[in-house]
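Scroll down for the structure; my scribbles are underneath it.
Note that this is a predicted model, so its numbers are computed, not measured. Below, read A as the first sequence line, B as the second, and so on, with proteins coming before strands; counting in each chain starts at 1.
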There are 2 protein chains.
Amino acid sequence: MPQTAYLPHIAYDSVIFGFSEGDLKILIMEYHNTGLFALPGGFVQLQENLNDAVLRGLNERTGLTDIYLEQFYTFGDFSRFDPEVMRTLLEANGIRPDDGYQWMLDRFISVAYYALINYEDVTPRPDALSDSCEWYPVNELPELILDHRQIVERAIQTLRDNLDRKLVGGNLLPKKFTMNELQNVYEAILGTKLRRTTFQRKMLAAEVLTRHEKHFSGKAHMAPYLYSFK
Amino acid sequence: MPQTAYLPHIAYDSVIFGFSEGDLKILIMEYHNTGLFALPGGFVQLQENLNDAVLRGLNERTGLTDIYLEQFYTFGDFSRFDPEVMRTLLEANGIRPDDGYQWMLDRFISVAYYALINYEDVTPRPDALSDSCEWYPVNELPELILDHRQIVERAIQTLRDNLDRKLVGGNLLPKKFTMNELQNVYEAILGTKLRRTTFQRKMLAAEVLTRHEKHFSGKAHMAPYLYSFK
DNA sequence: CATCATTGTCTCAGTTTGTGACAATAGTAA
DNA sequence: TTACTATTGTCACAAACTGAGACAATGATG
């Protein structure tokens with residue numbers, strides 16, 4: 001990461017949502033030998049579109065290319081500047097700031113994005129600086145560096161606000177899913193239980209779903225239809 | 001504007017909304033001797049909060065201090081980089097880039113905000129580089145530099161989306177206003193006519209208004225109540 | 001074939017919204 | 001003083017939408 005390759009003072013952070021075992025989860029990285037946890041983030045190349053930089057980072061971590069991605073806020077408080085945290089990260093990886101990494105200790109403004117992906121499609125990959133990149137339920141996050149906790153809170157709030165307006169819930173599921181699975185996603189995002197019949201009626205009335213064949217789970221009850229988003 | 005005072009590659013642009021004569025309007029600056037029109041914008045000082053930088057800029061242009069301000073998107077495409085436009089602006093003002101202004105010809109990422117202010121409270125002030133800072137109806141904007149047209153479009157869209165959710169319409173009016181004036185603001189923002197009785201019922205049911213004395217305009221009809229937001 | 005959990009759909013009541021009606025008001029004109 | 005007019009605040013009714021439960025159909029099990 002030589003200094004010349006990236007725009008200084010500008011970073012991005014991504015809140016990558018997945019859904020499994022009934023929980024809304026996000027990807028969190030742990031840095032080598034530090035016990036420090038952070039959102040996956042990165043920098044923007046000198047001639048690269050901001051959005052493309054984020055997609056590039058997501059692809060490196062998840063292997064996915066077609067990702068539902070939305071920018072939601074840019075965090076620009078001076079107080080989010082904490083060179084000691086970055087110094088710790090670099091030193092734990094045997095990097096001397098003097099060797100062209102001084103710029104990483106500067107103040108950064110961070111553009112935050114959230115992504116919705118199908119949990120099953122992903123095997124999280126750590127990067128050079130991190131031990132691990134793992135799913136954590138949003139209610140059981142470790143302590144995060146800097147203001148990353150606030151970034152997550154705001155991501156969840158934005159996701160909730162957009163849930164009905166943009167009908168984005170389906171991006172957290174496989175292409176085909178049952179109505180019950182979709183309802184579970186909504187409940188995990190909103191943090192509340194929903195009424196089955198009302199939910200079903202609303203989704204069908206929205207005319208955004210295509211109904212496919214039935215899905216036989218082997219359980220002893222009526223088989224539900226599979227749906228996909230139009 | 002010596003280079004050391006500002007973060008490089010980072011700017012902000014502001015879409016400042018006002019309401020008068022039945023139209024939604026925004027403030028547009030015209031640069032000296034160029035015929036170029038642009039949104040009011042600026043840069044962030046090295047130790048300044050991003051939000052504070054925007055408030056500082058708004059205060060310089062409008063004289064106002066308590067301003068309803070909302071960040072809505074960060075524009076980061078490489079294609080918005082056009083050094084010729086900036087060079088024209090500087091040269092028209094007799095500034096040589098070599099004299100410490102080279103950084104203004106670099107690529108910028110711009111964080112966009114919109115503000116809602118009471119038209120009557122403002123006497124727009126041009127800055128050192130601009131001839132004028134004037135109100136334009138959103139439907140009669142001049143051609144704007146770079147991607148400023150898109151920024152305006154997105155600001156209006158965000159304002160529409162937030163109108164009911166955040167009940168922000170009142171920020172475009174004096175403290176006290178009639179129900180009809182408030183409805184006119186809504187209609188200007190949404191670009192559609194609304195039904196009088198439905199609008200009145202919805203606003204009163206929201207329990208966000210305080211009813212004050214009647215307002216006698218001198219016209220030959222029933223005088224409306226004045227309202228203010230709680 | 002009886003049992004059981006789950007699903008798709010329907011019904012009914014309660015609430016919200018679209019639409020027009022109507023009396024009250026504050027001026028103007030006779 | 002008395003019509004007359006434009007506008008306002010409120011109400012009434014119908015239409016649309018939502019919450020809550022009922023119920024038959026289904027797909028396995030034993």
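- Applying the side chain to side chain donor-acceptor pair (under 3.5 Å) test between B:Y114 and each of B:D13, B:N162, B:T158 identifies B:N162 as the sole match.
- Side-chain contact check for A:H32 and A:S130: no donor-acceptor pair (N or O, by modelled atom type) lies under 3.5 Å.
- Rounded to an integer number of Å, the gap from CZ of A:F199 to C1' of C:dG8 is 15 Å.
- In the model, A:E187 has a side-chain atom that pairs as donor or acceptor with a side-chain atom of A:Q183 under 3.5 Å.
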Every protein N/O within reach of nucleotides 17-19 of chain D N/O, cut-off under 3.5 Å:
| unit_1 | atom_1 | unit_2 | atom_2 | d |
| --- | --- | --- | --- | --- |
| D:dG19 | N7 | A:R201 | NH2 | 2.7 |
| D:dG19 | O6 | A:R201 | NH1 | 3.3 |

(request) Let me have a per-nucleotide readout for nucleotides 23-30 of chain D, 5' to 3', with B, S or -, counting only protein heavy atoms under 4.0 Å. (result) --BBBB--
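- No side-chain donor-acceptor contact under 3.5 Å links A:H9 to the backbone of A:F108.
- One interatomic measurement links the two molecules: CG of B:L226 to C1' of D:dG9, which rounds to 15 Å at whole-angstrom precision.
- Figure legend: cation-pi geometry between B:R107 and B:F81 absent, as NZ or CZ is not positioned both under 6.0 Å from the six-membered ring centre and within 45° of its axis.
- The minimum heavy-atom distance linking B:L39 with B:L27 is given by the pair CD2-O, 4.4 Å.
- The interatomic distance linking B:M203 (CE) with D:dG9 (P) rounds to 14 Å, in whole Å.
- Ring centroid separation for the pair A:F17 and A:Y119 does not come in under the 6.0 Å cut-off.
- The stretch residues 163-187 of chain A has no heavy atom under 4.0 angstrom from DNA chain D at all.
- Here the straight-line distance linking atom NZ of A:K202 with atom CG of A:L194 works out to 7.0 Å at 0.5 Å rounding.
- What separates CG of B:L194 from P of C:dG18 is a distance of 10 Å, to the nearest Å.
- Between the C1' atom of D:dT7 and the CD atom of B:Q200 lies a distance of 11 Å, rounded to the nearest Å.
- Both the sub-6.0 Å distance and the 45° axial angle are satisfied by B:R154 relative to the ring of B:Y73.
- In the displayed structure, B:K214 atom NZ is contacted under 6.0 Å by more than 12 heavy atoms of other residues, nucleotides or ligands.
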(message) Test side chain to side chain contact (heavy atoms under 4.5 Å, CB included) on B:Y186 and B:D164; report intermediate values, then the result.
(response) CA-CA 9 Å; B:Y186 271 66; B:D164 281 333; 3.8 Å; yes
